[in-house]
Amino acid sequence: MRSARLIVLVLVLGSLAAACGTPSGANAAVGDARAIACMKVGAVLSNGPEPSADPIGYAEAQIRLLRRVKTSDAALRSAIARLDEAYAHFYDRSGAPGARHEIASSARAVDRICPGATVKDGI
């Protein structure tokens with residue numbers, strides 16, 4: 001779990017460094033806001049029980065925390081909401097295989113915006 005957190009931290013810091021290299025003005029502000037939101041998503045997803053040891057408990061922990069991540073980035077907000085719903089479905093269905101697929105698909109959507117934010121060994 002610590003290595004996963006370290007990887008997420010390194011990726012988030014890399015994203016922040018990349019955002020600092022964007023042109024000044026509105027684009028930089030959007031990039032910075034996205035990078036901060038991505039860092040929050042990564043922090044949420046690295047928190048809680050070990051996903052492989054307690055997948056249902058991990059899913060439950062993410063539901064409460066993902067709902068608290070706020071962003072003005074519409075695409076990221078949508079991806080976070082989709083992942084939140086996927087974790088809720090997984091929890092409600094006691095880990096049904098279809099719900100696992102929903103989480104994987106939703107996590108890929110988040111990772112397209114926030115590379116490395118989701119847990120790779122996941123549920």
Side-chain angles (χ1 to χ4, degrees):
M1 183 69 172
R2 287 183 185 201
S3 62
R5 287 182 184 160
L6 181 59
I7 290 169
V8 168
L9 179 62
V10 168
L11 291 171
V12 168
L13 291 176
S15 296
L16 285 174
C20 291
T22 61
S24 62
N27 288 340
V30 169
D32 290 346
R34 180 180 273 186
I36 291 168
C38 287
M39 187 168 37
K40 289 177 182 177
V41 170
V44 164
L45 296 175
S46 67
N47 192 14
E50 188 67 34
S52 58
D54 182 9
I56 295 172
Y58 177 80
E60 180 183 26
Q62 305 326 311
I63 297 164
R64 293 182 183 131
L65 297 174
L66 280 172
R67 291 178 182 164
R68 294 182 184 162
V69 176
K70 304 296 180 201
T71 179
S72 59
D73 185 303
L76 180 56
R77 189 172 52 247
S78 175
I80 292 169
R82 185 175 161 210
L83 183 58
D84 175 65
E85 288 173 19
Y87 279 122
H89 291 153
F90 182 85
Y91 177 75
D92 291 342
R93 296 176 191 154
S94 298
R100 285 179 189 263
H101 175 71
E102 187 180 353
I103 288 173
S105 174
S106 300
R108 284 191 299 274
V110 170
D111 275 338
R112 280 192 291 277
I113 300 167
C114 300
T118 64
V119 178
K120 295 301 175 207
D121 60 346
I123 293 176

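Atoms considered below: every heavy atom in the structure, side chains included; atoms not considered: hydrogens, waters and symmetry mates.
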ask   = Which atom pair, heavy atoms only, marks the closest approach of Cys38 to Ile113?
value = SG-O, 4.0 Å
remark   = NZ of Lys70 to CZ of Arg68, rounded to nearest 0.5 Å, is 10.0 Å
key: Straight-line distance of Arg64 CZ to Asn47 CG, nearest 0.5 Å   = 12.0 Å
query = Do you know the tightest heavy-atom contact between Leu76 and Cys114?
reply = CD1-SG, 3.6 Å
key: Backbone N/O of Thr118 and side chain of Asp111: donor-acceptor pair under 3.5 Å   = yes
Nearest-0.5 Å distance, CG of residue Asp92 to CD of residue Glu60 = 10.0 Å
key: side chain to side chain donor-acceptor pair (under 3.5 Å) partners for Arg112, two or more places apart   = none
query = About how many Å separate CZ of Phe90 and CG of Leu83, when rounded to the nearest 0.5 Å?
reply = 12.0 Å
ask   = Given side chains that start at C-beta, do those of Arg34 and Thr71 come closer than 4.5 Å, heavy atoms only?
value = no
key: Straight-line distance of Arg82 CZ to Ser105 OG, nearest 0.5 Å   = 3.5 Å
remark   = Heavy-atom nearest pair, Gln62 first then Val44, reads OE1-O, 2.8 Å
request  = Output yes when a side-chain donor or acceptor of Tyr58 lies under 3.5 Å from a complementary backbone atom of Leu45, and no otherwise.
outcome  = yes
